[in-house]
Amino acid sequence: MIGIDVVDLKDPLIKSRDPETFRFIVHTNDQVELIRSHPFGFWIIWTAKESVFKALRKDIRFDPLQIPVQFSASDTEYFTFQSGTFRGKVHVGNKYVLACCGEVTYKVAERKSSAPSMEVRTLLIQDYRRETNQVTTIGSFDKMPVLLPSGMPVSFSHHGRFLAYAYPLN
Amino acid sequence: MTREQIKEELKQIIGSYVQEKNLLTSLDEKHELIADLKINSAHIVDIVLDIEDKYDIMIEDEAIGKMGTVGESIDVIFQKLAAK
(Lines give C-alpha, C1' and ligand atoms only; values in the text may rest on other atoms or scores of the structure.)
Protein backbone atom coordinates (compact mmCIF):
# COMPACT_ATOMS: atom_id res chain seq x y z
CA MET A 1 0.00 0.00 0.00
CA ILE A 2 1.00 3.61 -0.46
CA GLY A 3 0.69 6.96 1.29
CA ILE A 4 1.76 10.56 0.84
CA ASP A 5 1.94 13.61 3.07
CA VAL A 6 3.03 17.17 2.41
CA VAL A 7 3.64 20.05 4.82
CA ASP A 8 3.99 23.67 3.73
CA LEU A 9 6.97 25.03 5.65
CA LYS A 10 5.80 28.60 5.17
CA ASP A 11 2.31 28.17 6.55
CA PRO A 12 1.95 31.18 8.86
CA LEU A 13 -0.15 29.15 11.29
CA ILE A 14 2.67 26.73 12.01
CA LYS A 15 4.59 27.41 15.19
CA SER A 16 8.24 26.61 15.52
CA ARG A 17 8.92 23.03 16.46
CA ASP A 18 11.63 23.13 19.08
CA PRO A 19 13.16 19.84 20.29
CA GLU A 20 10.69 19.72 23.16
CA THR A 21 7.83 19.11 20.73
CA PHE A 22 9.40 15.85 19.55
CA ARG A 23 7.88 14.20 22.62
CA PHE A 24 4.46 14.33 20.93
CA ILE A 25 5.55 12.30 17.93
CA VAL A 26 8.68 10.27 18.75
CA HIS A 27 8.32 6.91 20.49
CA THR A 28 11.22 5.18 22.21
CA ASN A 29 11.14 2.51 19.49
CA ASP A 30 11.73 5.08 16.77
CA GLN A 31 15.16 5.47 15.24
CA VAL A 32 15.33 9.15 14.42
CA GLU A 33 18.76 10.19 15.66
CA LEU A 34 19.82 11.05 12.11
CA ILE A 35 16.92 13.45 11.94
CA ARG A 36 16.70 15.10 15.34
CA SER A 37 19.18 17.86 14.65
CA HIS A 38 17.80 18.73 11.22
CA PRO A 39 16.10 22.16 11.12
CA PHE A 40 12.94 20.49 9.82
CA GLY A 41 13.40 17.29 11.79
CA PHE A 42 9.94 17.44 13.31
CA TRP A 43 8.32 17.61 9.90
CA ILE A 44 10.52 14.90 8.42
CA ILE A 45 9.36 12.53 11.15
CA TRP A 46 5.77 13.76 11.08
CA THR A 47 5.30 13.39 7.33
CA ALA A 48 6.98 9.98 7.31
CA LYS A 49 4.60 8.75 9.99
CA GLU A 50 1.56 10.24 8.35
CA SER A 51 2.46 8.68 5.00
CA VAL A 52 2.76 5.30 6.74
CA PHE A 53 -0.57 5.91 8.47
CA LYS A 54 -2.21 6.52 5.11
CA ALA A 55 -0.55 3.43 3.66
CA LEU A 56 -2.08 1.35 6.45
CA ARG A 57 -5.49 2.38 5.09
CA LYS A 58 -7.31 1.91 8.35
CA ASP A 59 -10.25 4.03 9.41
CA ILE A 60 -8.64 5.00 12.70
CA ARG A 61 -7.26 8.19 14.20
CA PHE A 62 -3.70 9.23 13.34
CA ASP A 63 -1.47 8.89 16.37
CA PRO A 64 2.22 9.38 15.54
CA LEU A 65 3.32 7.63 18.72
CA GLN A 66 1.69 4.44 17.46
CA ILE A 67 3.61 4.42 14.17
CA PRO A 68 7.24 3.41 14.56
CA VAL A 69 9.75 4.69 12.04
CA GLN A 70 13.41 3.98 11.55
CA PHE A 71 15.47 6.34 9.45
CA SER A 72 18.44 4.63 7.89
CA ALA A 73 20.09 6.96 5.43
CA SER A 74 20.05 10.53 4.36
CA ASP A 75 21.65 13.14 2.22
CA THR A 76 20.94 16.83 2.26
CA GLU A 77 17.49 16.52 0.71
CA TYR A 78 16.28 12.92 0.95
CA PHE A 79 15.74 10.73 4.00
CA THR A 80 14.80 7.07 3.72
CA PHE A 81 12.77 5.31 6.36
CA GLN A 82 11.16 2.01 7.23
CA SER A 83 8.11 1.19 9.30
CA GLY A 84 7.40 -2.51 9.63
CA THR A 85 7.20 -3.78 6.07
CA PHE A 86 6.74 -0.28 4.68
CA ARG A 87 9.58 1.70 3.16
CA GLY A 88 9.54 5.31 2.15
CA LYS A 89 11.38 8.49 1.48
CA VAL A 90 11.10 12.08 2.67
CA HIS A 91 12.07 14.98 0.46
CA VAL A 92 12.93 18.29 2.11
CA GLY A 93 12.49 21.11 -0.36
CA ASN A 94 12.87 24.82 0.10
CA LYS A 95 9.15 25.31 0.62
CA TYR A 96 7.78 21.97 1.72
CA VAL A 97 8.48 18.58 3.23
CA LEU A 98 7.03 15.64 1.33
CA ALA A 99 6.94 12.00 2.39
CA CYS A 100 6.00 9.06 0.21
CA CYS A 101 5.47 5.57 1.58
CA GLY A 102 5.80 2.69 -0.86
CA GLU A 103 6.84 2.62 -4.49
CA VAL A 104 4.78 5.40 -5.98
CA THR A 105 4.23 7.77 -8.81
CA TYR A 106 3.63 11.08 -7.15
CA LYS A 107 3.26 14.76 -7.80
CA VAL A 108 3.41 17.84 -5.62
CA ALA A 109 1.98 21.08 -6.97
CA GLU A 110 1.10 24.55 -5.82
CA ARG A 111 -2.53 25.00 -4.98
CA LYS A 112 -4.55 27.23 -7.29
CA SER A 113 -8.02 27.10 -5.79
CA SER A 114 -9.74 27.40 -2.43
CA ALA A 115 -10.89 23.79 -2.67
CA PRO A 116 -7.63 21.81 -2.44
CA SER A 117 -9.29 18.46 -1.82
CA MET A 118 -11.22 18.69 -5.06
CA GLU A 119 -8.28 20.25 -6.90
CA VAL A 120 -5.82 17.49 -6.07
CA ARG A 121 -8.31 14.82 -7.15
CA THR A 122 -8.93 16.59 -10.43
CA LEU A 123 -5.19 16.92 -10.97
CA LEU A 124 -4.66 13.19 -10.48
CA ILE A 125 -7.48 12.29 -12.86
CA GLN A 126 -6.04 14.59 -15.54
CA ASP A 127 -2.45 13.41 -15.08
CA TYR A 128 -3.41 9.74 -14.93
CA ARG A 129 -5.35 10.06 -18.15
CA ARG A 130 -2.38 11.72 -19.82
CA GLU A 131 0.08 9.09 -18.53
CA THR A 132 -1.97 5.96 -19.15
CA ASN A 133 -4.59 7.03 -21.68
CA GLN A 134 -7.19 5.62 -19.27
CA VAL A 135 -10.22 7.46 -18.03
CA THR A 136 -10.69 7.17 -14.30
CA THR A 137 -12.59 8.66 -11.41
CA ILE A 138 -11.95 8.76 -7.68
CA GLY A 139 -14.03 6.55 -5.46
CA SER A 140 -13.62 4.98 -2.07
CA PHE A 141 -13.25 1.49 -0.66
CA ASP A 142 -13.58 1.02 3.08
CA LYS A 143 -13.54 4.84 3.32
CA MET A 144 -10.14 5.00 1.59
CA PRO A 145 -9.58 6.63 -1.81
CA VAL A 146 -9.22 4.46 -4.88
CA LEU A 147 -9.17 4.92 -8.61
CA LEU A 148 -12.23 3.60 -10.40
CA PRO A 149 -12.93 1.28 -12.02
CA SER A 150 -9.60 -0.40 -11.24
CA GLY A 151 -9.81 -0.06 -7.46
CA MET A 152 -6.16 1.02 -7.35
CA PRO A 153 -5.35 2.68 -4.01
CA VAL A 154 -4.40 6.34 -4.19
CA SER A 155 -3.32 8.82 -1.56
CA PHE A 156 -3.82 12.56 -1.29
CA SER A 157 -2.43 15.34 0.85
CA HIS A 158 -2.76 19.08 0.97
CA HIS A 159 -1.48 21.72 3.32
CA GLY A 160 -1.08 25.44 2.89
CA ARG A 161 0.00 26.25 -0.63
CA PHE A 162 0.70 22.67 -1.64
CA LEU A 163 -1.16 19.59 -2.68
CA ALA A 164 0.13 16.15 -3.58
CA TYR A 165 -1.05 12.80 -4.82
CA ALA A 166 0.45 9.33 -5.12
CA TYR A 167 -0.51 6.05 -6.74
CA PRO A 168 1.35 2.74 -7.00
CA LEU A 169 4.29 2.81 -9.38
CA ASN A 170 3.16 -0.26 -11.30
CA MET B 1 -13.86 27.08 35.42
CA THR B 2 -16.81 25.28 33.87
CA ARG B 3 -16.75 22.84 31.02
CA GLU B 4 -18.75 25.29 28.93
CA GLN B 5 -16.20 28.04 29.56
CA ILE B 6 -13.38 25.76 28.48
CA LYS B 7 -15.34 24.85 25.38
CA GLU B 8 -15.70 28.51 24.47
CA GLU B 9 -11.99 29.15 24.99
CA LEU B 10 -11.10 26.03 23.04
CA LYS B 11 -13.33 27.29 20.25
CA GLN B 12 -11.22 30.44 20.09
CA ILE B 13 -8.01 28.39 19.95
CA ILE B 14 -9.07 25.93 17.29
CA GLY B 15 -10.88 28.65 15.36
CA SER B 16 -7.53 29.86 14.06
CA TYR B 17 -7.02 26.56 12.31
CA VAL B 18 -10.51 26.03 10.92
CA GLN B 19 -10.70 27.21 7.34
CA GLU B 20 -14.47 26.91 7.02
CA LYS B 21 -15.57 29.19 9.87
CA ASN B 22 -19.21 28.14 9.54
CA LEU B 23 -18.19 24.78 11.01
CA LEU B 24 -17.65 26.57 14.33
CA THR B 25 -21.16 27.92 14.66
CA SER B 26 -22.62 24.71 16.03
CA LEU B 27 -19.53 23.31 17.66
CA ASP B 28 -20.26 20.01 19.39
CA GLU B 29 -18.13 18.00 21.78
CA LYS B 30 -18.45 15.03 19.44
CA HIS B 31 -16.86 16.89 16.55
CA GLU B 32 -13.59 15.39 15.36
CA LEU B 33 -10.94 18.08 14.92
CA ILE B 34 -9.71 16.63 11.64
CA ALA B 35 -12.67 14.79 10.14
CA ASP B 36 -15.45 17.18 11.12
CA LEU B 37 -13.78 20.57 11.56
CA LYS B 38 -11.37 19.86 8.70
CA ILE B 39 -8.36 21.07 10.63
CA ASN B 40 -5.20 20.04 8.85
CA SER B 41 -3.47 17.34 10.87
CA ALA B 42 -0.23 19.34 10.69
CA HIS B 43 -1.85 21.82 13.10
CA ILE B 44 -2.80 19.40 15.85
CA VAL B 45 0.47 19.99 17.67
CA ASP B 46 -0.03 23.74 17.19
CA ILE B 47 -3.34 23.43 19.00
CA VAL B 48 -1.72 21.45 21.81
CA LEU B 49 0.98 24.13 22.13
CA ASP B 50 -1.68 26.87 22.17
CA ILE B 51 -3.54 25.05 24.93
CA GLU B 52 -0.36 24.70 26.97
CA ASP B 53 0.28 28.44 26.64
CA LYS B 54 -3.29 29.45 27.32
CA TYR B 55 -3.69 27.44 30.52
CA ASP B 56 -0.06 27.23 31.61
CA ILE B 57 -0.24 23.47 31.71
CA MET B 58 1.90 20.69 30.28
CA ILE B 59 -0.01 18.29 28.07
CA GLU B 60 0.98 14.62 28.11
CA ASP B 61 3.14 13.20 25.35
CA GLU B 62 0.24 11.00 24.22
CA ALA B 63 -2.02 14.01 23.67
CA ILE B 64 -2.39 13.72 19.91
CA GLY B 65 -3.98 10.32 20.16
CA LYS B 66 -6.23 11.39 23.00
CA MET B 67 -7.45 14.79 21.78
CA GLY B 68 -9.24 13.78 18.62
CA THR B 69 -12.57 15.40 19.44
CA VAL B 70 -13.60 18.69 20.99
CA GLY B 71 -14.89 16.83 24.03
CA GLU B 72 -11.71 14.81 24.47
CA SER B 73 -9.67 18.00 24.26
CA ILE B 74 -11.86 19.59 26.94
CA ASP B 75 -11.37 16.48 29.09
CA VAL B 76 -7.59 16.80 28.89
CA ILE B 77 -7.68 20.51 29.75
CA PHE B 78 -10.15 19.93 32.57
CA GLN B 79 -8.04 17.18 34.12
CA LYS B 80 -4.85 19.21 33.86
CA LEU B 81 -6.46 22.28 35.41
CA ALA B 82 -7.88 20.19 38.23
CA ALA B 83 -4.43 18.81 38.98
CA LYS B 84 -2.79 22.26 39.18
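In what follows, every heavy atom counts, from backbone to side chain, and hydrogens, waters and symmetry copies are set aside. These numbers were taken from a predicted model, which means no experiment stands behind them. Per chain, numbering begins at 1; letters A, B, ... match sequence-line order.
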Participant: I'd like to know which of Val7(A), Asp8(A), Asp11(A) tops the heavy-atom pair count under 4.5 Å against chain B.
Facilitator: Asp11(A)
Participant: Go through the steps to decide whether Arg23(A) and Glu60(B) satisfy the test side-chain contact (heavy atoms from CB on, under 4.5 Å), and finish with yes or no.
Facilitator: CA-CA 9 Å; Arg23(A) 67 189 176 91; Glu60(B) 306 295 337; 5.8 Å; no
Participant: Assess whether atom CE of Met1(B) is packed by more than 12 heavy atoms of other residues, nucleotides or ligands within 6.0 Å.
Facilitator: yes
Participant: Quick check on Glu52(B) against chain A: is it the side chain, the backbone, both or neither that has a heavy atom closer than 4.5 Å?
Facilitator: side chain
Participant: To the closest 0.5 Å, what do you measure between OG1 (Thr69(B)) and CZ (Arg61(A))?
Facilitator: 6.0 Å
Participant: Looking at Lys80(B), I'd like to know if its NZ atom is crowded, meaning that more than 12 non-hydrogen atoms belonging to other residues, nucleotides or ligands lie closer than 6.0 Å.
Facilitator: yes
Participant: Kindly indicate, with the supporting measurements, whether the criterion side-chain contact (heavy atoms from CB on, under 4.5 Å) is fulfilled by Ile64(B) and Leu65(A).
Facilitator: CA-CA 8 Å; Ile64(B) 295 174; Leu65(A) 291 182; over 6 Å; no
Participant: Taking side chain as everything from C-beta outward and backbone as N, CA, C, O, which of these in Glu50(A) sits under 4.5 Å from a heavy atom of chain B? Side chain, backbone, both or neither.
Facilitator: side chain
Participant: Can you confirm whether Lys11(B) is buried at NZ, in the sense that more than 12 heavy atoms of other residues, nucleotides or ligands lie under 6.0 Å from that atom?
Facilitator: yes
Participant: Can you establish whether the number of heavy atoms outside Arg87(A) located under 6.0 Å from its atom CZ is more than 12?
Facilitator: no
Participant: Would you sort out whether Asp61(B) and His27(A) count as a side-chain contact (heavy atoms from CB on, under 4.5 Å), showing the intermediate values?
Facilitator: CA-CA 9 Å; Asp61(B) 298 358; His27(A) 189 269; over 6 Å; no
Participant: Begin from the C-alpha positions of Asp50(B) and Lys15(A) and carry the test salt bridge (Lys or Arg N to Asp or Glu O under 4.0 Å) through to its verdict.
Facilitator: CA-CA 9 Å; Asp50(B) 285 346; Lys15(A) 296 176 175 55; 2.8 Å; yes
Participant: Is it the case that more than 12 heavy atoms not belonging to Lys143(A) sit under 6.0 Å from its NZ atom?
Facilitator: no
Participant: Using a heavy-atom distance cut-off of less than 4.5 Å, which residues of residues 33-47 of chain B contact chain A?
Facilitator: Asn40(B), Ser41(B), Ala42(B), His43(B), Val45(B), Asp46(B)
Participant: Is Glu32(B) close to chain A through its backbone or its side chain, or both, or neither, when contacts mean heavy atoms under 4.5 Å?
Facilitator: side chain
Participant: For Glu103(A), look at atom CD and say whether over 12 heavy atoms of other residues, nucleotides or ligands are found less than 6.0 Å away.
Facilitator: no
